[in-house]
A.B. asks: 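One structure follows; several queries about it will come next.
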There are 2 protein chains.
Amino acid sequence: MGLLIGWEARRLKIPKSHPRYKSLTTREKLVKAVERGLAVKEGLIAHGRGEAFDYLLGEKTTGFAEKAEKAAAAYLLRADAPVISVNGNAAALAPKQLVKLGKVVNAKLEANVFYGKRVERIEQITRELKRNGARKVLGSNPDARIPGLKGQRALCASNGIYASDLVLVPLEDGDRTQALAAMGKTVIAIDLNPLSRTSLAAKVSIVDELTRAVPNIAGFATGFKRNPKQIAETIREFDNDNNLSALLKFIRDRLAKL
Amino acid sequence: MGLLIGWEARRLKIPKSHPRYKSLTTREKLVKAVERGLAVKEGLIAHGRGEAFDYLLGEKTTGFAEKAEKAAAAYLLRADAPVISVNGNAAALAPKQLVKLGKVVNAKLEANVFYGKRVERIEQITRELKRNGARKVLGSNPDARIPGLKGQRALCASNGIYASDLVLVPLEDGDRTQALAAMGKTVIAIDLNPLSRTSLAAKVSIVDELTRAVPNIAGFATGFKRNPKQIAETIREFDNDNNLSALLKFIRDRLAKL
């Protein structure tokens, strides 16, 4: 972890063959996103936490993550009004993939921010998603509130998250995930920390890196569209608690071998 | 992890009684350090990685860390020319503790940077250490190079790190730790990732949070000064590889219980 990072990688023109190329360019992408106001400094710290957990996973999609991604695709297709919630880090790291997933599963996109100046940052996120093919992004005119949250974090769109029956939350904080679950919504989380309150509160906890997880969900959804009978079966068979426990065991076994 | 963080904590005036108070104020400190050019954005990501590992440790000093801290104190007192290497994150998080440790074990302080504009950042680190009681800080006139490193990262002081027989590196990258060890120096690392190249390359690997580790080392050093016979014994009895293995087992057991 951390052979050549950020500034140093830029300076040394890091080759694509470098074993840490993906991780280094991702860091770089996020640092640049902070410079243009799309992400915030606090988001960099959160990203670092994710990096550490990804390192423990071997920096690849585990079989457990894949299972959760398949279940997520099934839930998204079964939902009546699914919404993908997009914050600064998510917009910086996987804008194209999130927009594509929204189209595949027919989900709305809604921008939300945790830190900083809401209006400016929502605008940045919206612009980034539109630049990557989004037709419409909710969030800039919030006219409803998520019960139990304080301040701007409670704000949402009445025709978006508020009215949704399912919310996909990539890189979300625990309070917001719990509040959405308390509203009775099906919450699907993408979070590299299997022990976070977000992972523990979600109906489907995808413990995987965002840019790996989102295209996987879209891929499974495309498969389900050809074979819709599998949707109910996949939902019936998925057990989130068991899947999280098995993943923790996987990390423990990896730690024993390292 | 991440109930109320950074900006939000500031806004909500987080009380000292909050279970995540320490972690939240530390984040805040580092974000502010970036704003004034003492630390850099890449350092925030590194801090996040550390946070994740600290979370796995239970956010307290383990018995294994304490053993390493005691050994570090012994090695520091036995050294002829020990140097404490201070980067932006270290200066932002534990300036007072590092200055105090330098006095207790009679070690020089040398500022070094990994990213950004060297001259300006070395000046910021130097100023921060002096503000916290340091008389002299090396690093602003580097006249030697660490073999095997490229660019500004190789720079050091001929009467500091270059001539030292021991270097304490808090929050250091793997390349630099390995290069210092290859020079034949005793390297003591403080790094929350027990699997990092830094932890694996060091003679004494302290897997603990900086502001907890540094005062502990100083405390043990004070004890040794009253009882100098224990120094050689402590060094003889300390086995870094065994200690790291035991720590990894501790993390695995914790993961099994969580």
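Source: prediction; values computed, not measured. Numbers restart at 1 for each chain; the letters A, B, ... are given by sequence-line order, proteins then strands.
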A.B. asks: Testing the basics here: between A:A52 and B:R49, what is the closest heavy-atom pair and its distance to 0.1 Å?
C.D. replies: CB-O, 3.6 Å
A.B. asks: Are more than 12 heavy atoms from other residues, nucleotides or ligands located less than 6.0 Å from atom CZ of B:F250?
C.D. replies: yes
A.B. asks: Nearest 0.5 Å, what's the CG-CZ distance between A:L195 and B:R254?
C.D. replies: 9.0 Å
A.B. asks: Quick one: does A:L44's side chain get under 4.5 Å of B:V34's, heavy atoms only?
C.D. replies: no
A.B. asks: Quick check for you: to the nearest 0.5 Å, what is the distance between A:R252 atom CZ and B:D253 atom CG?
C.D. replies: 9.0 Å
A.B. asks: Is the closest side-chain heavy-atom distance between B:L56 and A:L56 below 4.5 Å?
C.D. replies: yes
A.B. asks: Check whether more than 12 heavy atoms from other residues, nucleotides or ligands sit under 6.0 Å from atom NZ of B:K67, and answer yes or no.
C.D. replies: no
A.B. asks: Any heavy-atom pair between the side chains of B:V31 and A:V40 that's under 4.5 Å?
C.D. replies: no
